[in-house]
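Every value quoted in this text rests on a predicted model; they were computed, and no experiment measured them. Lettering follows sequence order; numbering is per chain, from 1.
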Amino acid sequence: MKLRRSFFARPSPEVARDLLGKVLARRTGDALLRGRIVETEAYTGASDPGSHAFRGPTPRNQVMFGEAGHLYVYFTYGMHHCVNVVTDQPGTAGAVLLRALEPLEGIEVMEANRSGRPLRDLCNGPGKLCQSFGITRDQNGDDLEGSDIWIEDDGFRANAVATSTRVGLSAGADLPFRFFVQGNPFVSRGERPGGPGVRRQREKA
DNA sequence: TGAATGATCACG
DNA sequence: GTGATCATTCAT
């Protein structure tokens, strides 16, 4: 079933953890693209120096301050997009970066979007999954309760959830706000599972 | 390890 | 207006 807004209207670290095992889905033209979320990162607001929202609202980050369940998409390094899900209450900045997916459906389309790269390289990074799903700034602000892009709970439960520090930050690098499915081959290489900063969090049935 | 490549934002 | 920086990816 499709996740509703209430799922997202919580603190971003909670949402980031609970999104592991859920399915990102997008309908584009004829194709239905689906991928299971295996890695996320939480970002908050004024208390998080690593967040785009740390210094308050700007034209780019304004959607992070808005209603939960919308997308925050930004363009970085002059060539890559990253997609987040807005969390928390209006007025409180929060978002969860989707860092890696396990491709489930529409794999041929993803391969075409990624110029024929192998399965494991289709969605194992925030820029890569946006390229596979064709997500650009055109999707910034889109509502996950709509019919173009959404997140499903299909009953699957992620076990062996682990946390670590976030990848690629120069500020806020100490916070344990990265969540991933330990041992899943589709997790990005940002930090080696089992390496420094990584701890086992819990097991689930 | 470093190049690619351009939007964003703080500052003045 | 300008310059440093960037929640990355890929080839070397």
Side-chain angles (χ1 to χ4, degrees), chain A residues 8 11-17 19-20 24 35 37-66 68 70-88 92-103 110-142 162-181 185-193 195-198:
Chain A
F8 304 107
S12 57
E14 287 182 27
V15 177
R17 181 196 63 213
L19 277 176
L20 294 178
L24 176 69
I37 298 169
V38 297
E39 180 182 349
T40 60
E41 281 177 357
Y43 290 85
T44 61
S47 63
D48 181 0
S51 173
H52 287 171
F54 181 56
R55 295 168 208 280
T58 66
R60 179 178 66 165
N61 68 23
Q62 55 145 326
V63 63
M64 281 185 71
F65 291 82
H70 292 257
L71 295 183
Y72 168 45
V73 184
Y74 66 89
F75 183 65
T76 191
Y77 290 103
M79 54 183 88
H80 300 296
H81 295 273
C82 293
V83 62
N84 298 249
V85 177
V86 174
T87 62
D88 237 302
T92 300
V96 172
L97 173 68
L98 304 183
R99 285 195 58 88
L101 311 175
E102 175 174 345
M110 299 184 201
E111 286 169 346
N113 289 342
R114 291 271 301 146
S115 57
R117 292 203 129 72
L119 180 66
R120 276 209 303 285
D121 289 344
L122 293 179
C123 297
N124 63 335
K128 298 178 188 180
L129 72 90
C130 281
Q131 192 178 9
S132 279
F133 275 66
I135 295 173
T136 69
R137 276 171 296 180
D138 288 349
Q139 279 69 50
N140 189 43
D142 279 8
T163 65
S164 77
T165 54
R166 294 172 293 186
V167 175
L169 300 190
S170 57
D174 52 318
L175 296 172
F177 279 0
R178 176 174 177 239
F179 301 83
F180 61 95
V181 178
F186 297 91
V187 169
S188 78
R189 47 150 305 178
E191 197 165 356
R192 288 283 179 234
V198 178

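Taking both residues in full, the closest heavy atoms of A/Met110 and A/Pro103 are given as SD-CB, 3.9 Å, listed atom of the first, atom of the second, then distance. A/Tyr43 and A/Ser12 get closest at one heavy-atom pair: O-OG, 2.9 Å.
Along DNA chain C, the nucleotide closest to A/Ser170 and the one closest to A/Asp121 are compared, and the more 5′ of them pairs with A/Ser170. Each of A/Thr76 and A/Arg60 lies near DNA chain B, and the nucleotide nearest A/Thr76 is the one positioned closer to the 5' end.
Distance CZ (A/Phe54) to P (C/dA7): 14 Å, rounded to an integer number of Å. In this structure, the CG atom of A/Asn124 is 19 Å from the P atom of C/dA7, given to the nearest Å. Between A/Leu129 atom CG and C/dT9 atom C1' the separation is 13 Å, expressed in whole Å. What separates CZ of A/Arg137 from C1' of C/dA7 is a distance of 16 Å, to the nearest Å. The distance from atom NE2 of A/His81 to atom C1' of C/dC6 is 15 Å, rounded to the nearest whole Å. Summarising the geometry, the separation between CZ on A/Arg166 and C1' on C/dC6 is reported as 15 Å, rounded to the nearest angstrom. In this structure, A/Met79 places its CE atom 12 Å from C1' of C/dA11, rounding to the nearest Å. Whole-Å rounding puts the A/Arg189 CZ to C/dA7 C1' distance at 16 Å.
Helical stems in DNA chain C, defined as runs of 3 or more consecutive Watson-Crick or G-U wobble pairs with both donor-acceptor distances under 3.5 Å, are listed by first residue as B:1-4 with C:8-11, B:6-11 with C:1-6.
Both the sub-6.0 Å distance and the 45° axial angle are satisfied by A/Arg137 relative to the ring of A/Phe75.
Side-chain proximity of A/Lys128 to C/dA7, C/dT9, C/dA11: nearest is C/dT9.
From the 5' end on, the contacts that DNA chain B makes with chain A at under 4.0 Å to a non-hydrogen atom open and close at B/dA4 to B/dA10.
In this structure, the side chains of A/Pro126 and A/Leu98 stay at 4.5 Å or more apart for every pair of heavy atoms. Under the 4.5 Å side-chain criterion, counting only non-hydrogen atoms from C-beta, A/Tyr74 is in contact with A/Asn84. Contact of the A/Phe133 side chain with the A/Val83 side chain is not registered, since no non-hydrogen atoms from C-beta on lie closer than 4.5 Å.
Near-neighbour residues of DNA chain C inside residues 37-48 of chain A, defined by a heavy atom below 4.0 Å, number-ordered: A/Tyr43.
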